[in-house]
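Only one structure is covered here, and it is reproduced in the block below.
Lettering follows sequence order; numbering is per chain, from 1. The figures that follow rest on heavy atoms only: side chains count, while hydrogens, waters and symmetry mates do not. Computed from a prediction, not measured in an experiment: that's the story for all the values here.
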Amino acid sequence: MTLLPRPLLARASLRYLLGHPWQLGLALLGVALGVAVVVAVDLANQSASRGFSLSAEALTGRATHQVVAGPEGLPEEWYVRLRTEAGIRPSAPVVEGFVRLPGHGDRTLRILGVDVFAEAGVRPALGAVSATVEPADLLARPRGAVLLASDLERLGRAVGDTLTVRHGGRDHALRIVAGLRPERELEAVGLRDVAIMDIAAAQELLGRVGRLDRVDLVADAATADRVADRIPDGARLVVADRRAETLEQMTDAFRLNLQAFSLLALVVGAFLIYNTMTFSVVQRRRLMGLLRATGTTRGELLGVVLGEAVVIGVLGTAAGVALGVALATVLVDLVTRTINDLYFVLAVRELTLTPGSLLRGAALGIGMTVVAALAPAREATTVPPRAALSRSVLERAHRRWLPGLVLAGVALLAAGGLLLVASERSLVVPFAGLFGVILGGALLVPPGLWLVTRGLAPVLGAAAGFTGRMTARGVAASLSRTGVAASALAVAVSAVIGVGVMVDSFRTTFAEWLDATLHADVYVSVAGGGPMDAEQRRRLLAVSGVATATRSRFVRVGAGDHEARLRVFAVPPAAEDGFSFRTGNPETAWRAYRQDGAVFVTEPYAWHQELEVGDRVTLNTGSGTATFPVAAVVYDYGTSEGAIIMARRTYTRYWDDNAVDSLGIRAADGVDPERLQERLRQAAAAGGQQLAFRADHEIRARSLAVFDRTFTITEVLRLLAILVAVTGVLSALLALALERAREYAVLRAGGMTARELGGLVTAQNALVGLLSGLFAVPLGLALAGGLIGVINRRSFGWSMDLAVDPWILLQAVALSVAAAVAAGIYPAWRLARTEPALALREE
Amino acid sequence: MIVLDGVSRAFREGEHARVVLDRFSGSVAGGERLALVGRSGVGKSTLLNLIGGMDRPDAGRITVSDTELTALSERDRTLFRRYHIGFVFQFFNLIPTLTVAENLHMPLEMTGGLTPAGRRRAQELLERVGLADRRDAFPDTLSGGEQQRIALARALVHRPGVLLADEPTGTLDTATAEEVLTLLDELTGGGRVTVVLVTHSPEVASRMDRVLRLGSDGG
Ligand SMILES: Nc1ncnc2c1ncn2[C@@H]1O[C@H](COP(=O)(O)OP(=O)(O)OP(=O)(O)O)[C@@H](O)[C@H]1O
Ligand SMILES: [Mg+2]
């Protein structure tokens, strides 16, 4: 017995496939779309990840360790002593910061201030700059900068031109002294959007004269120990690779989420294959019986069906991989944008075609196709020789499966639910649980469809006569077809509902949080980033109509094994309502915060660091390591990384840093915030530092815009899942209509007009669509609950309230009906065009 | 009364056309029962479909009960068929998702005849064909002969003027065929219904009023 079909069998099978171009096309499309989504997400993730590691590697060079400064910076003298007294080299000082490029869409540019002579041992690529550029050129005015030649091209600049950058509220002209054309991809990609400057020029530009942000070292363990002994307060010694790693790990959860979504598209695609293959077997039962009668073995039949699946799988996957690469170019942009919004600055401009991603996608696509074809292939082997089993016998056989489906469905639902809540912090386990819930729900759809349509038949019969009855019974009678279509549709629609409700709930929570947090009327920050001049601050606070002002400072500090965002606020008591507490008694918490040096932590920070009220956080302060009690966990949706919130009084006690990054100004009673803002603008115009003024509602609108941008990628994936589902429904219902051609012909012979029959087909499809949509509602809500209650919390540390907008549910059900009705358009059109005599000829 | 005047029908077969009916003329009187015979592939089913308005001739005119079918649109042909013609085929006559009684009610409902009187007639017919006890069964649980009896009842329940039957006994054994034919005699007797019946069986043909052999005279 061979699994390889004989040539003639293969030819017959090929002709069958080609003879049903619609089915073949839709099946291919289904596989292709599913694979495309998986490949695209994988590629986008890999590209973002690769972009990150190239940039991290290029910026780190050969450095094994880094001495990272706190907010106060490292004194330059310390570095000099390290090099001369302790003789520690290779070592290279770095001043680093971000500036804006006005006139280029306010793009961000990383300023890397280095000593090109010290670079040779740490970052040879940068050291090489000294060969082409006179160090004096870097220091001449305007200050010199070296960028990648490719970046210069994009900016429309050439060597010798000036480039205006904005930082600290001032515009600075940089003179481009060279365009780098690195040989290695590492630097060619990793130094994107980086301007290399002399350290002194960078200090001046970034307002850090005499200070360093870090010192990079190439050191063995013993040397590292010696350095560790000399670390000044506030700074810390870190292993260079580990630092980049922890930074990137923050995005793991986000990327896992994307991957899970993409798998969903593939699962829906698998339904499609199952359906196509089942249909092709059912349609050829007579033929297969005949083949069996003429001596074809079961194995050979199995081979035919699996062979067809492999052909569809390979072709569909090939198309899917190509489509996925195209799609990935869009997704990589969205992924990068989201990472920029949620985590850190990242410039990824091209797709990295990782062979792994392509192979994974291909293996998943072909594997899924073959697995989905297993059941139909087995069914083919059960065809007895010469059998001309009627459809109804077959359907009855299928119906015997219903109780089993119910059991399996319920079991999967229960297992999925358990997995969802079983683990403490894992993300993969609850995702597995969610897939269990989805599959369990999908298995329950056919039995549910059967029950409901059986029950509906008399009702519809009373309402619309035999057409109504046929509509309901038709759905139940061809459950092997309609069931799969409805399952696929319900899964896709439930994903639409689940993700839609999740995003909407999140948005509602986020907006409510913004409303609670934005307690000031005007927010003032420095154009291009950086601290605010003290004299500007005084001018602003002297403006009449200013009631209170919250001074804020945002820094990063060492916190044990990681680096934490520290937000420092001088909150006037009147502005205390700006925080909403998740845990902690507001009254005692505020007292501890103001008087006892306690801190608040945001919810994501508490989640990532496993902190509770009463725990302590240990920070590298400017006066040594100190611990701070956590007085409260506050809601915060600004960053998924999370942050520590500290009173300005506490901060200045431990750090020698008086800078203020922004002011939140409240207007006095009876003062119009708009007028106040105008007066503030006028006052600031007198100083040299440009400030940015924003009303609370502007911040709110901007934040929501960023929120929406962050979720664009989710929307795109949701759309793709819908597309796969619509394809699935299209093919399943199309197959059903074609299969029923004779039944329809009898109706036509009996005097039913093409339009009436078209109406019947449409009604049947609409019923399938409606019921699938309705089944999807509880499933979708369960999904939303899992996403909100478990997945999001664990991925990002955010808690949010489930808010169900009925509009979303309505839209989803409407989508379901529309998809199913659309699937009836072609059959109805065909019915209208063919003379009934034609349809009756075939048997 | 059925009149065919110079009816031609050809089918495309790759490059060339295959002519099945070439300027065929003939007529069936009202209430007459005609058996249509001829070797396989000669065009019997084609002709029947043309008379039933399920297909259009390439040329010629077809008039059924004073209505010129060839002048009607597809939709009007369908409506004409709905009211005036009953069809019985060799297989697959019944709608599998409707019960026996519902299958019988279908033509009535379509023609607005599903009144209490209509239902009574359907019930009577069910009794006449001897299947009143199976009224709530679904067609696939019936034997071939039983299905054909129901098909016959269904074709006639709305009192069409014309019954078209394409080898209605083709798959039945002699005894069962006999039953169905007797029923057909009973239900269409008395000149109320014009019948055109296609058959390969000389016995069946001989029970009709007239036999028309297709193909022998170049038709
Ligand atoms: N739709 C069609 N396309 C192509 N050829 C057709 C079509 N319909 C009928 N024919 C051809 O027309 C001829 C007559 O067909 P028809 O079905 O009328 O024969 P018949 O006399 O009913 O035969 P049988 O006794 O076998 O049923 C056949 O040769 C058939 O192949
Ligand atoms: Mg025939």
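For the set B:His105, B:Met106, B:Arg75, the count of heavy-atom pairs under 4.5 angstrom toward chain A peaks at B:Met106.
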Please determine whether side chain to side chain contact (heavy atoms under 4.5 Å, CB included) holds for the pair B:Arg82 and A:Thr753, giving the CA-CA distance in whole Å, both sets of side-chain angles, and the decisive distance to 0.1 Å.
CA-CA 9 Å; B:Arg82 175 186 296 193; A:Thr753 64; 4.0 Å; yes
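A 6.0 Å sphere centred on CG of B:Asp133 holds more than 12 heavy atoms belonging to other residues, nucleotides or ligands. No more than 12 heavy atoms of other residues, nucleotides or ligands lie within 6.0 Å of CZ in B:Arg39, so this atom counts as exposed by the packing criterion.
In this structure, the side chains of A:Glu756 and B:Thr78 stay at 4.5 Å or more apart for every pair of heavy atoms. Contact annotation: the side chain of B:Thr99 never approaches that of A:Arg469 to less than 4.5 Å [non-hydrogen atoms, C-beta and beyond]. Taking the side chain as every heavy atom from C-beta outward, A:Met752 and B:Met110 approach each other to under 4.5 Å.
With respect to B:Glu102 and A:Arg473, a salt bridge is recorded, a charged nitrogen being found less than 4.0 Å from a carboxylate O.
Contacts between B:Tyr83 and chain A at a heavy-atom distance below 4.5 Å are absent for every atom of the residue.
Annotation for A:Ala749 and B:Phe87: closest pair O-CD1, 3.7 Å, computed over non-hydrogen atoms.
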